[in-house]
Amino acid sequence: MEITSRSSNELVLSGPIKTIDDSMAVRAEVQKLVEEGASSLVLRIEDSFALPSAVIGYLMKLVNRDKVRLTLLAGDHRLRELLDELQLSGIFNVGSLR
Amino acid sequence: MIEQQLQHYAAGLSVLYVEDDTVGAAIIQKLLEKYFSSVSGAKDGEEGLRLFAELQPDLVITDLMMPKLDGIGMLQELRKSNQKVPVMLMTASLEHVHLVEAINLGVSKFLAKPLRLEAVRRALLGVVRELHLERVAEQARQQEVELLRYRNRYHSRQQELARDKERHILRNELADRFLPRAAGSGGWLVDLLHLPRDIMSGDSYAVIRTDDERLLIFLADAMGHGLSASVTSMLTTAFFNHMVRGCACRRMGFAHLVTTTMTFAAENVLEDEVFSGLIMELDPRGTTLRFASCGMPAVLLIRNGEVERVRGNNPPVSAFSPQVELQQLSLEGVSDILLATDGLGDAGTRDGGSYREHLVTDLETTATAHELFTRYERACDDTANDDDITAIRLTAVAEGRGRRQFHFSAAGTLSGIRDLQQQVGEVLLSAGLAGERFDQLELALGEALMNAFEHGCLGLGQRKQDLILADEYDELLMAAETQQDKLIELFLTLLPRGARAQVWIEVVDPGTAGEATARHVEAQSAEIPSGRGFLMMRRSVDLVRRNASGNRLVLMQMFTGALQA
């Protein structure tokens with residue numbers, strides 16, 4: 001997995017997000033943007049079919065407790081279906097990349 | 001009396017008369033008002049049509065000869081929109097051509113002019129009688145429809161209740177669990193497929209984990225007439241459940257359980273019915289299994305990569321059944337066992353054979369009940385199979401010929417589980433296993449290791465979400481880096497499976513039974529914090545199972561292509 005920053009509130013995540021290291025890296029990059037003052041975030045997840053539960057739990061905390069406005073754009077339909085099954089489509093403002 | 005009733009009925013009807021002669025119209029108006037509460041008049045056919053469309057009367061009386069549009073012409077137009085309203089035709093003379101046309105247009109009565117009051121009264125009562133009978137018949141039809149609707153609702157409700165009862169009786173206590181061996185890794189798991197054709201089917205099953213960690217399986221297929229067969233099957237399954245759960249099966253012994261269950265079935269079948277059933281006991285710590293099969297298809301098992309077919313020793317249970325004989329099988333080298341009702345093997349294939357001919361090969365080359373069903377669907381048109389199918393596939397975790405086993409362990413810390421994941425990844429890649437199935441397995445392994453770390457080592461339980469919200473979660477993980485006293489073990493097994501590769505991973509943590517419920521809650525909503533990890537694993541790999549305590553977790557993933565040396 002690779003993470004690139006597009007702007008002060010937008011990250012692009014390429015490749016599958018699958019390992020514990022991937023989870024830690026995503027959390028660290030997002031946290032950096034929040035600490036720099038981002039009150040809204042756009043995550044462009046280009047081709048991961050899922051998100052580890054550790055990342056999902058962390059994003060839920062950002063939205064519910066820290067009131068960060070999140071937009072999650074997923075390129076793989078399976079990730080959108082997963083978030084829908086978890087009833088997170090609305091909370092994460094899930095959209096399609098393609 | 002009848003005439004009074006008809007007059008009473010007529011009082012509720014409306015009538016339209018069409019007459020151009022004003023004297024005649026006045027006479028008719030007066031006459032009709034005696035019988036009908038609503039009487040309207042028109043001067044010619046055109047006005048008659050307009051009033052008919054506006055008032056929709058129950059009865060029409062019309063003169064034949066009128067200006068603008070005569071009685072026949074009006075009737076021709078009227079019938080375009082209304083085929084049923086009774087029409088009485090008044091005429092001084094009727095030519096043959098008019099008579100035929102009037103009959104074809106459904107004129108109910110003819111009234112000769114000049115009108116004679118008694119004749120008109122009789123004709124009116126005749127038409128009213130027909131209207132009355134028609135209405136009574138319509139009401140009866142409506143009541144019948146209503147009764148049918150009620151019966152449908154009643155039967156639907158009964159079926160829902162029966163289905164709920166069926167679900168209550170049928171049980172698989174190993175749906176998300178496995179039974180581990182006493183020491184080391186591995187154990188047995190159950191993968192079940194149940195395809196009933198009706199609510200309350202003849203197939204039934206119970207998979208029960210006993211308190212002393214044995215596996216008891218009951219598989220039934222009652223053959224008889226519709227619901228009667230199903231009732232036998234359900235009753236016997238309920239009896240089996242009661243015997244196991246309610247009567248302290250450990251003291252009772254397996255032979256007694258078999259005899260009492262099959263005797264119960266025999267007592268409850270009708271003289272022209274038979275009942276096929278199989279009861280099996282598997283102790284994951286033992287080296288043998290016991291079973292009694294009465295009229296069930298042969299048990300199929302894979303031993304050291306070869307399929308063995310073990311026929312049952314007993315005929316189906318009938319009202320006159322003899323004693324049941326038990327059988328024993330060695331589990332040495334056994335990796336898979338398939339128990340199935342005859343609906344699977346007897347299913348017709350698309351090429352005109354039976355699926356029994358494909359079953360051995362498909363069992364050998366598949367790893368789950370789902371895969372087996374996919375093969376079955378490829379060979380057979382399931383919509384053409386009217387028999388129920390129940391297949392119970394027992395799988396020995398990480399057993400099979402030509403396996404390669406790896407054992408890793410690491411401290412229960414974040415860096416420890418990252419190391420474990422990395423080591424597993426390296427082994428898999430060196431065995432040539434890559435691609436999306438590899439990514440999915442890595443995701444599931446990450447979830448399993450995080451679960452072992454958070455719950456097995458840190459004992460977070462349901463506090464996890466509170467810690468995340470309080471920003472104390474990350475600190476806790478980091479603080480645990482210095483605690484090296486708890487170990488997480490990982491058993492990795494690579495197996496060749498036909499032309500494919502099978503990977504088993506078992507993660508063992510030092511957690512206690514008390515945390516089992518906290519870590520594997522079946523919760524997947526935005527409001528409930530836990531359970532997502534288990535969902536993620538289930539979506540990512542072919543099989544996920546845990547032990548009763550929750551501190552051993554097994555993942556299985558199939559890969560296309562053979563293992564590299």
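Quick caveat: nothing in here was measured; it's all calculated off a predicted structure. Letters go in sequence order (proteins before strands), and every chain restarts at 1.
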I'd like to verify something: which residue of A:Ile17, A:Thr19, A:Leu51 has the highest number of heavy-atom pairs under 4.5 Å with chain B? A:Thr19
Chain B contacts, top residue of A:Pro52, A:Gly90, A:Ser23 (heavy-atom pairs, under 4.5 Å): A:Pro52
Heavy-atom contact with chain B under 4.5 Å, split by part of [X]:
{"X": "A:Phe49", "result": "side chain"}
{"X": "A:Arg27", "result": "side chain"}
{"X": "A:Pro16", "result": "side chain"}

Who wins among B:Met450, B:Gln422, B:Glu442, B:Glu454 for the most heavy-atom pairs under 4.5 Å with chain A? B:Glu442
Under 3.5 Å donor-acceptor, [X] side chain and [Y] backbone:
{"X": "A:Ser48", "Y": "A:Ala50", "value": "yes"}
{"X": "B:Arg545", "Y": "B:Val190", "value": "yes"}
{"X": "B:Arg403", "Y": "B:Ala398", "value": "yes"}

In B:Asp542, B:Leu428, B:Thr493, the residue satisfying side-chain contact (heavy atoms from CB on, under 4.5 Å) with B:Val503 is B:Leu428
Which atoms of [X] approach chain A - backbone, side chain, both or neither, heavy atom under 4.5 Å:
{"X": "B:Leu441", "value": "neither"}
{"X": "B:Phe453", "value": "neither"}
{"X": "B:Leu445", "value": "neither"}

Ignoring hydrogens and angles, state whether a donor on the side chain of A:Glu36 or A:Ser8 is under 3.5 Å from an acceptor on the partner side chain. no
Are any non-hydrogen side-chain atoms of B:Leu490 and B:Leu449 less than 4.5 angstrom apart? yes
Could you check A:Glu29 against A:Ser5 for side chain to side chain donor-acceptor pair (under 3.5 Å), going step by step and ending with a plain yes or no? CA-CA 9 Å; A:Glu29 285 299 317; A:Ser5 178; over 6 Å; no
